[in-house]
Amino acid sequence: PVLLVATFCGLWGALRLVRPGTMSTVGLANALGQLSVSFCVGFTILSLVPFHSFPHPNGQRSVAEYPLVLYGEGGDHAHMLIFGALGVILYPVLTVCVVLHAVARYPRMIVSNNMAFVDYFRFIFFRFKPDRFWFGAVLVLRNMLLPLLPMTLPAENADITSALMQLTLWAALLSTVLWMPWRYPQANSMEVFLLLLLVATMSIGSMAIYPGVILSQALCNIAFLCSISGLAISFAYACRQAFSAARSDKSYAVFLSHHKGSGACAARLLKYMLYKEIQKPIFYDCDDLVCLSELFTAVKQSGCVLVLLSGETLCRPWCAGEIVTAHTYGIRLMPARMIPDVDKWCGCTKEEQAQLIAEQFGVLSAHGIAAESIFEAYDFLLAKEPIQLSCSVGSNVLLSSVRVISGSISHASPRFHGGGGGGVVLLPGKAGAVPLPEKVGAVPLPGKLPKLLDSAKAFAWAPSEGSGSGHELTASTCCPMSSKALVMCDAGNSEAAASAHLIRFMMQELLQTDVGVDLDLTFESFWEAAAGDGLRAVLCVVSPRTTLASVTQLARLGCLFKLRPKGQALPVVIGEGFIFPDHVYYEALEAGTLHISSALAEQLPENLTPKDVANALRQLFKGIAKVLNIPTASQDDLAVGMASLAGRLAPMCQLSGI
């Protein structure tokens, strides 16, 4: 072992001379540490050879490996004891001491953000979950005890030796089952399986430790099969992992990195729409994350990471960890800017960014992520031209943006090229592109977008024979003005708009009828739809932030109930709750003393007054609201909620068989 370490260090030094910077001292320390931990059993057995003896009938003892050398008689055995003692100190004892020292200091080093310490002892911690960092000490102690017991205890006490070794294996097995310490679930399963085989093999072998006891052929065959199966399955698993690594197989096609505070509903909508397009697994934390420690593992198992820049994404530590992990492991990063948001990180100076990392990103230290890595990954991400994405637009424009993303993921469509401040949206079947405005506020929309919405068809989920989910994105001849149900929302709130699109698509899929969204309509078109006979029910998306302060949504509600005094409207609360308006709000709205009163007066038609708007709100909130916690609900919970909403909407639309 000494020659092995010396040779390794010599090669490292020579390589550094020939190609400076090829391998750092951190890399050398981790390589030597990994060698010591991996070969701890072999080094321990080699060092304890002088202490392993067997008795002679005359009372003397000989070294088990060298029967001609008498135990404790001086001479050759004295020299062997000296070298054996040095080997024990240098290999197992030193390895265990280093590991225990590192494990004991690890929490303090993490709190003090001492990343140099984490880097030098990465060989101990990187294989285990952050909250199971101490399991490296358990592993090393197990690997030292297993050879120590049979090499030091007398051969005539083989029964005691066998019992202690089985207890050691059982302790290791139970600790693995209880804590599941390895980062990868497959590693935990493999560890449990191999330990069970070792326990079974040792239990069978312990039956023959007494003189004169011979195992039956059946037991010998069972022990042999246990040993061979363990080796075969381990070899097969290693080959499978190597083959998967060579093929770059991924568990997820896309990893959605987003900030829950301002991009959760948009991320949920994107997952729904992207899956319809690419028909491949997409990682979304509410659906797929079992344990927080598995978050970065999921990044490594993804083909690309789609980063939704929605205001404070880059200021969130877990989003930073996802981006750094993707950059470190060569996972493709795709930035998508949620219009009109500009990430807070981009407006900070370097000093403010460093202070933000020091104050809020300390949780990443346990995962070996330093501030330098965050800056490097962010610079790499922000150097890319982001896809411009807005949920506060019509369904066809949104679908076109999603198809640009899916095309970029699968390399089947032209890459997205942004220009200036706005992005480019490619429409299906169109050779050109229409600039997407920076801000989409109250409709009618500015520029060329209204003409685009009037001329383009609305898209719906239509059945498909060959699709795995039973639906694909196709053009529908249905116009939102002729829909039986309409989803209303605040166009100025991107999360509310994303929720409205998601509700529209899922209601249309569940009810198999035409459902529109008011984002597809100008105010005049909305007035025409509200006055028509085809509209049977309205779902009004209300959010905790801006619903009662949205001029456009309030004006449309007033218009709706002015034309339909007994109309059926159902409030749908997005999130965990909503503060409903009280009499003070209604009185201020009627009196025109709210901060939005002047803007509302400009938006209202001549025959509509603030009192009509207040009455419309009262009529809306007479109904029992349906709560959909889209930001944090899992896919199964969301499906249950949507099915319940469809059950309430079906009789309103006079649909049967739902």
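Every heavy atom of this structure was used, including side-chain atoms; hydrogens, water molecules and symmetry mates were not.
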Given 3.5 Å as the limit, does a donor-acceptor pair link the side chain of Ser408 with the main chain of Val404, or not?
no
If you measure from CD on Glu359 to CZ on Phe361, what distance do you get to the nearest 0.5 Å?
11.0 Å
Passing candidate, side chain to side chain contact (heavy atoms under 4.5 Å, CB included) with Ile323, options Val299, Leu314, Val305
Leu314
Going through the checks in order, is the side-chain contact (heavy atoms from CB on, under 4.5 Å) test met by Ile282 and Tyr252?
CA-CA 5 Å; Ile282 299 173; Tyr252 305 99; over 6 Å; no
Say you draw a straight line from CD1 of Ile374 to NE2 of His327; how long is it, rounded to the nearest 0.5 Å?
12.0 Å
Salt bridge check, Lys271 against Asp287: does any charged N sit closer than 4.0 Å to a carboxylate O?
yes
Kindly indicate whether the side chain of Ser401, heavy atoms from C-beta on, has any atom under 4.5 Å from the side chain of Ile387.
no
Treating Thr313 as the side-chain partner and Leu308 as the backbone partner, does any N or O pair qualify as donor plus acceptor under 3.5 Å?
yes
Show me the donor-acceptor pairs, under 3.5 Å and distance only, between side chains in residues 636-647 and residues at least two apart or in other chains.
residue: Asp637; atom: OD2; partner: Ser634; partner atom: OG; Å: 3.2
residue: Ser644; atom: OG; partner: Lys626; partner atom: NZ; Å: 3.2

With Ser257, which residues qualify under side chain to side chain donor-acceptor pair (under 3.5 Å), at least two apart?
Glu322
Would you confirm whether Glu495, through its side chain, and Ala264, through its main-chain N or O, come within 3.5 Å as a donor-acceptor pair?
yes
Is any side-chain heavy atom of Ser483 closer than 4.5 Å to a side-chain heavy atom of Val515?
no
So how far is it from Ser395 OG to Arg504 CZ, rounded to the nearest 0.5 Å?
4.0 Å
Any idea how Phe255 and Phe283 line up, ring-wise: parallel (<30°), tilted (30 to 60°), or perpendicular (>60°)?
parallel
Is there a donor-acceptor contact under 3.5 Å from the side chain of Asp490 to the main chain of Ser550?
no
Examine Phe133 together with Phe128 and report whether their ring centres are nearer than 6.0 Å.
no
Looking at Ser302 and Ala298, would you say the former's side chain and the latter's main chain have a donor-acceptor pair under 3.5 Å?
yes
Working to the nearest 0.5 angstrom, can you tell me the gap between Ile503 CD1 and Cys265 SG?
9.0 Å
Over 60° means perpendicular and under 30° means parallel, so classify the ring planes of His501 and Phe505, tilted if in between.
parallel
Is there a side-chain contact between Tyr275 and Lys280 (heavy atoms, below 4.5 Å)?
no
Interatomic distance, Leu570 atom CG to Cys540 atom SG [nearest 0.5 angstrom]
9.5 Å
Whether the side chain of Arg556 engages the backbone of Trp527 through a donor-acceptor N/O pair (distance < 3.5 Å, no angle test) should be reported.
no
Is any side-chain heavy atom of Cys653 less than 4.5 Å from a side-chain heavy atom of Leu649?
yes
Ring centres under 6.0 Å, that's the criterion: do His258 and Tyr284 meet it?
yes
Using 0.5 Å steps for rounding, measure from the NZ atom of Lys344 to the SG atom of Cys346.
12.5 Å
